[in-house]
Number of protein chains: 2
Amino acid sequence: MHKKIADEDLLGEKFLSNISVDIVIFGFHNRQLKILLLRFKNTSLYALPGGFINEEEEDIEEAVERVLTERTGIKDIYLEQFGVFGSKKRAFGATHKHIHESAGKTTELNPWITQRFVTVGYYALVNLKETVPNPDDVSDFCGWIDINEIPTLAFDHKSIIEKALESLRMMLDLKLAVFNLMPESFTMNDLQSLYETILGKKLQRTNFQRKMLSLGILERLDKHWTGGAHKAAYLYRFDKNKYNEMQKEEMNTNKF
Amino acid sequence: MHKKIADEDLLGEKFLSNISVDIVIFGFHNRQLKILLLRFKNTSLYALPGGFINEEEEDIEEAVERVLTERTGIKDIYLEQFGVFGSKKRAFGATHKHIHESAGKTTELNPWITQRFVTVGYYALVNLKETVPNPDDVSDFCGWIDINEIPTLAFDHKSIIEKALESLRMMLDLKLAVFNLMPESFTMNDLQSLYETILGKKLQRTNFQRKMLSLGILERLDKHWTGGAHKAAYLYRFDKNKYNEMQKEEMNTNKF
DNA sequence: TCAAAAGTGTTAGCGCTACACCCATGT
DNA sequence: ACATGGGTGTAGCGCTAACACTTTTGA
């Protein structure tokens, strides 16, 4: 079979060798924590969105932002680097060969892809509703999958996701980045279910409410929610201005 | 000038491209927190110990362990990965050229070294007294330097050290790895000065004592210390067995 | 006897946990 | 009326900061 040389077959010409990035993109919808996964063409193999770093033009983080925009259509996303995966077992030449062949490509023209990669893991927190998932050229599916229903993953992506979740869990009370996952307005119960999913345990409703309100960064909206056979819940909004002010004050007080 | 091809001129043949590791090795002596630095031959440029990853034989961490043993002579060291530095400005070809030429080498035979590197940062916590610092082949000095007297550093190593310190500060109360920096036996005051140096602030003597003792991992030795015009202080020993038991119990209780 | 450093006691305040209580709403 | 979920009050507990007090030692 004869193939033309496509742009992507020249990857190796312009990207850093031996290094890739993989991104665990978290979203939250219907009280479920989800991540964005790709499925390789004509296989049942899923994988994290990822990519390579332009040798002359990109910081690692810029490469991650590029990939994020390619897969989700959005920009200015909360990003956090959570680890590097550099096991010598990370030489997935055979798998890459299989993936490319299933997609109707060949790795022979570009053996670059079959080398050993050290990958840098980032996680991203996005407002799921703003995204438009978009597969890459070796995938036929790109979409949100519940964190509790992760299918079989290629490479070592399963353990990368676990590390990302652990990392997210750790920073939960340190930073308030988790609000990047929420829509414009939400109820306390929504927020609590997000915390519970991330922490993997139930929290006490009444104390959770107080804790969140005491942060001083939630604006209570007059609007109510009308639903079932019970009292209407307030909607809340994350107040970025108050948050920024708090950060400033913290900077000042910590100096002494 | 004609040069023979030395082993190290063939680096590029066997190491991963575009990736390096740099290690911030912390030690503690005379109530001072120190790090191990190298000075390049015939220059006044200092740098962190670092190296590259064997393409076929080494995990990243194994490469780090190899470099650590080469520079300090010891093994089984506490290690923690704290970040990746991947700015596109990290292309230090000119500096590398200068360093190699000052050391009487040339980079012409091995331009590999002048490429752009993404570096993975690790910090190590060692018992300084057990180490025998040992320069590499482009350095004429390898030794311990007080964290408050860091000289001019090559590349972006200054900011790598700052990130390492910040990382160390963060984990101080989460893990108890800091005891890897202490000698076999020590006084409370020694330990307190270590904490104070890492945190960059004074702590209250009496409360620090209680906090440390309440951890339940210090064994009080009967021996006393005889020194100045004051009451003799107890010596303490880090009890690794008690620590391991505690970790086990924590694992069990956290499950529920 | 006095200064310096080591060790212990005591208190107030703060945050977290658990649980009791009241409110609003649809069936 | 009552079940369901939303919102507030409060007592107890543990941790911490702050500081007073005692002990040991050499000058």
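In the text below, chain A, chain B and the rest are named by the order of the sequence lines, each starting its count at 1.
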Options dA18(C), dA17(D), dG7(C), nucleotide nearest the side-chain atoms of A233(B): dG7(C)

Proximal nucleotide (of dA6(C), dG7(D), dG9(C)) relative to the T206(B) side chain: dG9(C)

Nearest-0.5 Å distance that lies between atom CD1 in I60(B) and atom OG in S20(B): 10.0 Å

Distance test, side-chain N/O of N189(A) to OP1/OP2 of dG6(D), below 4.0 Å: yes

Side chain R205(A) and base dG7(D) donor-acceptor under 3.5 Å: yes

Whole angstrom value for the distance that separates C1' of dG6(D) from CE of M188(A): 11 Å

Nearest-Å distance for atom pair CG/P, residues L203(A) and dC16(C): 13 Å

N/O donor-acceptor pair, side chain R220(B) with base dG7(C), under 3.5 angstrom: no

Spacing between F208(A) atom CZ and dG6(D) atom P, to the nearest angstrom: 12 Å

Side chain of K231(A) (C-beta onward), nearest among dA18(D), dG7(C), dG7(D): dG7(D)

Donor-acceptor pair between E80(B) and Y78(B) side chains, under 3.5 angstrom: yes

Spacing between K211(B) atom NZ and dA17(D) atom P, to the nearest angstrom: 7 Å

Closest listed nucleotide, where the reference is the side chain of H230(B) and the choices are dA4(C), dG7(D), dT17(C): dA4(C)

Whole-Å distance separating the NZ atom of K202(B) from the P atom of dA18(D): 16 Å

Whether Y195(A) and F208(A) hold their rings parallel, tilted or perpendicular, with breakpoints at 30° and 60°: perpendicular

Worked verdict on L172(A) versus V178(A) for side-chain contact (heavy atoms from CB on, under 4.5 Å): CA-CA 7 Å; L172(A) 198 51; V178(A) 84; 3.7 Å; yes

Whole angstrom value for the distance that separates P of dG15(C) from CG of L213(A): 15 Å

Smallest separation among heavy atoms of I74(B) and T69(B), with atom names: O-OG1, 3.2 Å

Y236(A) OH to dG6(D) C1', straight-line distance once rounded to whole Å: 9 Å

Between dC21(D) (P) and Q209(B) (CD): distance, integer Å: 20 Å

